[in-house]
Amino acid sequence: MTQVSSTARADRGVAIHAHALTHSYSRGRQSVSVLRGIELEIDAGSHVALQGPSGAGKSTLLSLLGGLEPPSGGELVVGDHDLRRTRGRALAQYRRLIVGFVFQHFGLVEVLTARENVMLAMSLSRVPPAARRRRTDEALAAVGLSHRGTHRPAQLSGGERQRVAIARAIVKQPRLLLADEPTGNLDDEVAVRVLDLLDALRREHGCTLVVVTHSALVAARADRHLRLRDGVVQL
Ligand SMILES: Nc1ncnc2c1ncn2[C@@H]1O[C@H](COP(=O)(O)OP(=O)(O)OP(=O)(O)O)[C@@H](O)[C@H]1O
Ligand SMILES: [Mg+2]
């Protein structure tokens with residue numbers, strides 16, 4: 001694995017502020033209250049591990065931070081984006097330009113190759129085509145998958161799919177990187193290399209990194225640890 005190439009940059013990470021943040025899902029006539037008053041202050045450029053029991057709402061919190069769905073209530077501000085009030089095109093731009101997301105279930109486009117999946121992440125960015133191709137190749141190399149660029153997700157192992165998802169998240173050099181169990185399908189050696197890669201991205205490009213994990217190995221890399229339980233963050 002090689003490192004993602006970069007030029008030195010000022011810190012670009014975004015700060016996160018949440019106050020009385022709530023989120024519920026409706027299931028038929030029932031409403032399931034998942035987040036029940038999250039209080040959170042995360043410094044720009046920090047590396048946070050988010051832990052908690054299965055079903056606690058970790059993926060839900062990441063999806064709110066990533067602008068995938070609007071919060072039900074409270075305040076959520078990421079950088080200068082007020083996510084309670086950001087809608088439509090502005091929200092799509094936030095997701096495309098600010099956030100890199102490694103989904104728990106990868107979320108790759110099945111009909112596209114690994115390389116096309118990674119390149120797609122830059123589709124709304126201002127990166128010129130030649131630089132897109134170069135960055136895509138570098139990101140695939142960084143996760144050790146140069147030889148699998150032409151494979152579709154169904155032709156990849158679980159760990160390889162996970163690494164494509166990581167390449168897709170890092171290729172656009174996001175200011176906020178949200179990773180949901182990013183090493184869940186990787187052996188320890190590859191997991192350590194992926195964690196090194198995320199650290200390098202944070203150092204070189206100054207992103208804020210929020211990693212959901214059940215793994216002590218992964219959590220140990222963070223400089224701050226948050227625990228989600230009963231719909232609130234226990235500090
Ligand atoms: N789209 C949805 N509609 C209805 N309920 C949902 C939806 N998404 C999640 N939930 C519910 O919200 C709760 C929190 O789910 P979430 O996926 O955030 O948990 P998690 O902490 O990420 O768990 P895990 O560690 O197993 O990934 C669960 O009880 C789940 O059933
Ligand atoms: Mg989850």
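Both counts, for ligands and for their atoms, begin at 1 and track the order of listing. The analysis underlying the following values was restricted to heavy atoms, covering all of them including side chains, and did not include hydrogens, waters or symmetry mates.
If you check which protein heavy atom lies closest to atom 4 (C) of ligand 1, you get Tyr25 CB, 3.3 Å. Here the heavy atom of the protein found nearest to atom 31 (O) of ligand 1 is Arg27 NH1, 3.9 Å. Closest to atom 26 (O) of ligand 1, if we only count protein heavy atoms, is Ser54 OG, 2.5 Å. Among all protein heavy atoms, the one lying closest to atom 17 (O) of ligand 1 is Ser59 CB, 3.7 Å. Remark: minimum distance from atom 29 (O) of ligand 1 to any protein heavy atom is reached at Gly55 O, 4.0 Å. The shortest contact between atom 25 (O) of ligand 1 and any protein heavy atom is with Lys58 NZ, 2.7 Å.
Note: Phe101 CZ to Leu65 CG = 8.0 Å, rounded to the nearest 0.5 Å.
Checking His17 against Glu75 by side-chain atom types alone, a donor-acceptor pair falls below 3.5 Å. No hydrogens or angles considered: a donor-acceptor pair under 3.5 Å links the side chains of Glu39 and His19. Side-chain polar atoms of Ser46 and Asp223 form no donor-acceptor pair below 3.5 angstrom. Arg96 and Ser125 share no side-chain donor-acceptor pair at under 3.5 Å.
The distance from ligand 1 to the heavy atoms of Thr60 drops below 4.0 Å at these ligand atoms: 14 (C), 15 (O), 16 (P), 18 (O). In the vicinity of Gln104, heavy-atom distances shorter than 4.0 Å reach the ligand 1 atoms 27 (O). Heavy-atom contacts of His214 reach the following atoms of ligand 1: 25 (O) (cutoff under 4.0 Å).
With Arg132 contributing its side chain and Met122 its backbone, the two residues share a donor-acceptor pair below 3.5 Å.
The shell of residues lying under 4.0 angstrom from ligand 1, judged by heavy atoms, includes Gly57. Contact analysis puts Pro53 in contact with ligand 1, with a non-hydrogen atom separation below 4.0 angstrom.
Residue Ala56 places at least one N or O, backbone or side chain, under 3.5 Å from an N or O of ligand 1. For ligand 1, the polar-atom distance check finds no N/O of Ser26 at less than 3.5 Å from any of the ligand's N/O atoms.
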Worksheet entry | Steps toward side chain to side chain contact (heavy atoms under 4.5 Å, CB included) verdict (Val143, Leu197) | CA-CA 8 Å; Val143 297; Leu197 185 64; 3.7 Å; yes

Item to complete: Evaluate side chain to side chain contact (heavy atoms under 4.5 Å, CB included) for Val78 paired with Tyr94, printing each intermediate quantity in order.
Response: CA-CA 10 Å; Val78 178; Tyr94 168 79; 3.3 Å; yes

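The two atoms that bring His81 and Thr86 nearest to each other are C-OG1, 4.5 Å, heavy atoms only.
Heavy atoms of Val34 found under 4.0 angstrom from ligand 1 belong exclusively to the side chain.
Contact check for Leu178 versus Leu176: side-chain heavy atoms found under the 4.5 Å cut-off.
Put simply, Gln104 gets within reach of the Mg ion (ligand 2), with an N, O or S atom under 2.8 Å from it. Residue Ser54 does not count as close to the Mg ion (ligand 2), with no N, O or S atom under 2.8 Å.
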